[in-house]
Amino acid sequence: MTDLTDTVAIITGASSGIGEATAHRLAQEGASVALAARREDRLQSLRNDIEADGGSAIVCPTDVTDRQQVQALADVTLDAFGQIDVLVNNAGLMPLSLMENLHEDEWEQMVDVNVKGVLHAIGAVLPTMLEQERGHVINISSVAGRRTFPGSAVYSGTKFFVRALSERMRNELAPTHNIRVTSIEPGAVETELPNTITDQDILTMLEEGHDQMQMMQPEDIADTIQYALTAPEHVDVEELLVMPTEQEG
Ligand SMILES: NC(=O)c1ccc[n+]([C@@H]2O[C@H](COP(=O)([O-])OP(=O)(O)OC[C@H]3O[C@@H](n4cnc5c(N)ncnc54)[C@H](OP(=O)(O)O)[C@@H]3O)[C@@H](O)[C@H]2O)c1
């Protein structure tokens, strides 16, 4: 797939940040996009913007922790567009915390969204991709899926999971079923992601460590996703670690 015209893409976590920028980009490049997240108002406004630019989008309010809702997302996309070529498996949370502070509810939320949500989306699109003998799954891991840092024990656990999952998925699905798989591993991107942090120790650390580093923008990761998706059909970009130039780690 070197051209995104006639491509149908599901994007989870499309209501802000990387997912929103990716939806814009893929639609600009000719893809029809299914926009999934919980904040329906944000999705409606994104769809309006995409349509005003001449693109094609549908809004699919979805909580990725609910397997039935994710199945409905795939079903509605198939009904609307007749195929599913791309899944951008992007929805995620990052409530960092120190283990000693026992934020167990947040540990569970991260497993539910970053691990189970990712699996729900794969399970929902895979039958269609297998039948088509064609597809591309982009899983959004993180630099935290390669390295740990203070407060990242559980978040990193979920992102290491996504990377391991992607590696094996690619090996099982690309050679025999023409389903390409890519793990994208961004460093710091300026989005709403840190808003879920409640651990006071981490918030203090972040405040004290605040510097003038130039973070990446969501559009930088949309570029990366577009690069992987538009590689020639015989090329599968297995993983991409993309860092802000000024970020250490
Ligand atoms: N920003 C970074 O520095 C960075 C670095 C590496 C990796 N990442 C990864 O990039 C992905 C996108 O994050 P972002 O930085 O763009 O942050 P963001 O702006 O906070 O986006 C997160 C998205 O996930 C969605 N989401 C959260 N819980 C959900 C649920 N239960 N069901 C459906 N959607 C849900 C949110 O939508 P609703 O709240 O509307 O549901 C939102 O659209 C995440 O997987 C994150 O781990 C980010």
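Numbering of ligands and ligand atoms starts at 1, following listing order.
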Worksheet item: To the nearest 0.5 Å, how far apart are OG1 in T77 and CD in Q83?
Response: 11.5 Å

Write none if no such pair exists; otherwise list each N/O atom of ligand 1 with its protein N/O partner under 3.5 Å and the distance.
residue	atom	partner	partner atom	Å
ligand 1	1 (N)	V189	O	3.2
ligand 1	1 (N)	T191	OG1	3.2
ligand 1	3 (O)	G187	O	3.4
ligand 1	3 (O)	V189	N	2.8
ligand 1	3 (O)	V189	O	3.4
ligand 1	15 (O)	T191	OG1	2.7
ligand 1	16 (O)	I18	N	2.8
ligand 1	17 (O)	T191	OG1	3.3
ligand 1	19 (O)	S16	OG	2.8
ligand 1	20 (O)	L193	N	3.4
ligand 1	21 (O)	S16	OG	3.4
ligand 1	24 (O)	G92	N	3.3
ligand 1	28 (N)	R38	NH2	3.3
ligand 1	31 (N)	D63	OD1	2.9
ligand 1	32 (N)	V64	N	2.9
ligand 1	37 (O)	S15	OG	2.9
ligand 1	39 (O)	R38	NH2	2.9
ligand 1	39 (O)	R39	NE	3.3
ligand 1	40 (O)	S15	OG	2.8
ligand 1	40 (O)	R38	N	3.4
ligand 1	40 (O)	R39	N	2.9
ligand 1	40 (O)	R39	NE	2.8
ligand 1	41 (O)	R38	N	2.8
ligand 1	41 (O)	R38	NE	2.7
ligand 1	41 (O)	R38	NH2	3.4
ligand 1	43 (O)	G13	O	3.0
ligand 1	43 (O)	S15	N	3.4
ligand 1	43 (O)	S15	OG	2.8
ligand 1	45 (O)	N90	O	2.8
ligand 1	45 (O)	K159	NZ	2.9
ligand 1	47 (O)	Y155	OH	2.6
ligand 1	47 (O)	K159	NZ	3.1

Worksheet entry | Side-chain H-bond candidate by donor/acceptor type, T182 with E238, under 3.5 Å | no

Worksheet item: Does F161 belong to the same Ile/Leu/Val/Met/Phe/Trp/Tyr cluster as L173, with side-chain heavy atoms less than 4.5 Å apart forming each link?
Response: yes

Worksheet item: Can you tell me how far OH of Y155 sits from OG of S142, rounded to the nearest 0.5 angstrom?
Response: 4.0 Å

Practice prompt. May I ask you to test the V189-D220 pair for a side-chain heavy-atom distance under 4.5 Å?
Written response: no

Practice prompt. Provide the full list of side chain to side chain donor-acceptor pair (under 3.5 Å) pairs with a residue in residues 159-169, sequence neighbours left out, each pair given once.
Written response: N139-S166

